[in-house]
Amino acid sequence: MMNKEQIEIIGDNHFSSNVETPLRPDAFEKSDDEKIKEIQYHFGKIMEELGLDLTDDSLSGTPYRFAKMYVKELFYGLNPKNKPKLSIFENKYGYKKMLVEQNITIDSACEHHFLPITGHAHIAYMPKDKVVGLSKINRLVDYYAHRPQVQERLSLQILKDLQNALDTEDVIVMIAAKHLCVSSRGIKDKNSYTTTIEYSGAFKDEGLRKEFLNIINNSNID
């Protein structure tokens, strides 16, 4: 059992040792409706402890709205049943150069404080025998982002899933994001953001990584 100081250290440093999202074995035994009902009850108790009057018209429905938002929207990516099916096609064009999908919206939440993480992901791969439908990359990012996250883990989860789907190691994932737990609490730094980059295969080559970064830095499509 960690003491309060250790709890704060882990939270302030955004540390996690798990590559996979930590889930209990019985995580999906309850239905979404059952989870919403339980969360609604417990969040109502939190509001009461804060001294809020749940008989007020504006507040009375907040526990339900909160619970539904968590289960159906913010954290829908926890349930593997919601994982998007990646449309993989044969590379009939014989396209072998870098394919980049950039400025993909990141809308996630820090698992240490449950506060928003917002930013963008930039992803590239070197096609071999397979290519993936472009919109599916965006959907995959959205899926993994919509769960309590650590930015490093998010980068790795996207990378590994694309590698498996495309049957290639030649993938690179870069995420630049602001963390509300940094800007609204603790040091309260409004301007800083965090950048993570994960890569393997051909992208171990420094020249190829520079080419990827040049594309990201120089593209300006309205």
Side-chain angles (χ1 to χ4, degrees), residues 14 16-23 27-28 74-111 117-179 193-219 221:
H14 310 279
S16 176
S17 59
N18 296 300
V19 175
E20 299 299 327
T21 302
L23 287 168
F28 306 109
L74 295 188
F75 299 139
Y76 86 88
L78 285 171
N79 194 329
K81 286 201 271 187
N82 295 326
K83 184 177 179 179
K85 183 174 172 24
L86 294 184
S87 302
I88 303 297
F89 304 97
E90 183 182 349
N91 186 11
K92 293 183 178 180
Y93 313 110
Y95 184 82
K96 300 294 183 182
K97 303 299 183 185
M98 191 188 310
L99 192 152
V100 183
E101 186 76 3
Q102 61 196 81
N103 293 329
I104 304 169
T105 299
I106 294 290
D107 186 6
S108 191
C110 164
E111 71 176 31
I117 301 172
T118 58
H120 293 91
H122 315 286
I123 297 171
Y125 70 96
M126 305 289 287
K128 290 184 178 177
D129 298 326
K130 301 175 182 177
V131 292
V132 61
L134 294 183
S135 67
K136 299 304 181 182
I137 296 177
N138 302 59
R139 292 183 185 277
L140 187 70
V141 171
D142 192 70
Y143 168 73
Y144 280 117
H146 278 79
R147 54 175 69 179
Q149 272 293 10
V150 176
Q151 189 169 323
E152 296 91 331
R153 180 198 296 144
L154 176 59
S155 303
L156 279 166
Q157 288 176 333
I158 296 166
L159 178 90
K160 292 181 181 299
D161 214 319
L162 283 173
Q163 287 176 328
N164 290 335
L166 293 165
D167 197 20
T168 179
E169 293 292 307
D170 304 338
V171 180
I172 187 167
V173 176
M174 175 180 168
I175 296 175
K178 283 183 170 289
H179 294 241
Y193 60 90
T194 301
T195 299
T196 50
I197 185 165
E198 289 287 348
Y199 55 85
S200 189
F203 287 99
K204 291 180 179 178
D205 178 77
E206 185 178 357
L208 195 61
R209 292 200 306 277
K210 283 184 177 179
E211 182 181 347
F212 167 75
L213 292 172
N214 284 336
I215 292 170
I216 301 304
N217 292 329
N218 296 328
S219 294
I221 299 175

Engineer: Only counting residues at least two apart or in another chain, list the ones meeting ring-ring contact (aromatic ring centres under 6.0 Å, His included) with H146.
Structural biologist: Y76
Engineer: Rounded to the nearest 0.5 Å, what's the gap from OH on Y143 to NZ on K136? Could you check?
Structural biologist: 14.5 Å
Engineer: Indicate yes or no: at least one non-hydrogen side-chain atom of L78 is less than 4.5 angstrom from one of P148.
Structural biologist: yes
Engineer: Which side-chain N or O atoms in residues 117-127 pair as donor and acceptor under 3.5 Å with protein atoms at least two apart or in another chain?
Structural biologist:
| residue | atom | partner | partner atom | Å |
| --- | --- | --- | --- | --- |
| H122 | ND1 | N103 | N | 3.0 |
| Y125 | OH | V132 | N | 3.1 |

Engineer: Are T196 and M174 close enough that some pair of their side-chain heavy atoms sits under 4.5 Å apart?
Structural biologist: no
Engineer: Tell me, with the steps shown, if L154 and I106 meet side chain to side chain contact (heavy atoms under 4.5 Å, CB included).
Structural biologist: CA-CA 10 Å; L154 176 59; I106 294 290; 4.1 Å; yes
Engineer: So, do L213 and K210 sit near enough that their side-chain heavy atoms are less than 4.5 Å apart?
Structural biologist: no
Engineer: Among all residues two or more places apart in sequence or in another chain, which pass the side-chain contact (heavy atoms from CB on, under 4.5 Å) test with E101?
Structural biologist: I104, L134, I137, N138
Engineer: What is the distance from atom OG of S135 to atom CG of L140, rounded to the nearest 0.5 Å?
Structural biologist: 11.5 Å
Engineer: Start with the C-alpha distance between R147 and E111, add both sets of side-chain angles, then the distance that settles salt bridge (charged side-chain N to carboxylate O under 4.0 Å, His left out), and finish with yes or no.
Structural biologist: CA-CA 8 Å; R147 54 175 69 179; E111 71 176 31; over 6 Å; no
Engineer: Side chains of R153 and E20: does their closest heavy-atom pair fall under 4.5 Å?
Structural biologist: no
Engineer: If you round to the nearest 0.5 Å, how far is OH of Y144 from CD of Q149?
Structural biologist: 9.5 Å
Engineer: Can you pull out every side-chain hydrogen bond (donor to acceptor under 3.5 Å, both in side chains) where at least one residue sits in residues 199-209? Sequence neighbours excluded, please.
Structural biologist: E169-S200
Engineer: Side chains of T194 and K178, heavy atoms from C-beta outward: is any pair under 4.5 Å?
Structural biologist: no
Engineer: Could you list the residues that satisfy ring-ring contact (aromatic ring centres under 6.0 Å, His included) with F75, not counting sequence neighbours?
Structural biologist: Y70, F114
Engineer: Restricting to pairs with a member in residues 77-97, which pass side-chain hydrogen bond (donor to acceptor under 3.5 Å, both in side chains), not counting sequence neighbours?
Structural biologist: K83-D161
Engineer: So, the side chain of Q163 versus the backbone of D170: is there a donor-acceptor pair under 3.5 Å, distance only?
Structural biologist: no
Engineer: Output the distance between atom CG (D107) and atom CG (D142), rounded to the nearest 0.5 Å.
Structural biologist: 7.5 Å
Engineer: Which pair of heavy atoms, one from L166 and one from I88, lies closest together, and at what distance?
Structural biologist: CD2-CD1, 4.2 Å
Engineer: Please find the pair of heavy atoms, one from A145 and one from S108, that lie closest to each other, and give the distance.
Structural biologist: O-OG, 2.5 Å
Engineer: Please report the closest heavy-atom contact between L86 and A165, naming both atoms and the distance.
Structural biologist: CD1-CB, 3.5 Å
Engineer: With side chain to side chain contact (heavy atoms under 4.5 Å, CB included) as the test, would you mind laying out the steps for L162 and T168 before giving the verdict?
Structural biologist: CA-CA 8 Å; L162 283 173; T168 179; over 6 Å; no
Engineer: Answer yes or no: is there an ion pair linking E198 with K160, defined by an N-O contact shorter than 4.0 Å?
Structural biologist: no
Engineer: Charged N to carboxylate O under 4.0 angstrom, D167 versus K128?
Structural biologist: no
Engineer: Hey, what do you get for CZ (F212) to CG (N214), rounding to the nearest 0.5 Å?
Structural biologist: 11.0 Å
Engineer: Assess the residue pair Q157 and T21 against the criterion (side chain to side chain donor-acceptor pair (under 3.5 Å)); give the C-alpha distance rounded to whole Å, side-chain angles, the decisive distance to 0.1 Å, and a yes or no.
Structural biologist: CA-CA 9 Å; Q157 288 176 333; T21 302; 3.2 Å; yes
Engineer: Report yes if some heavy atom in the side chain of I197 is under 4.5 Å from a heavy atom in the side chain of I172; otherwise report no.
Structural biologist: yes
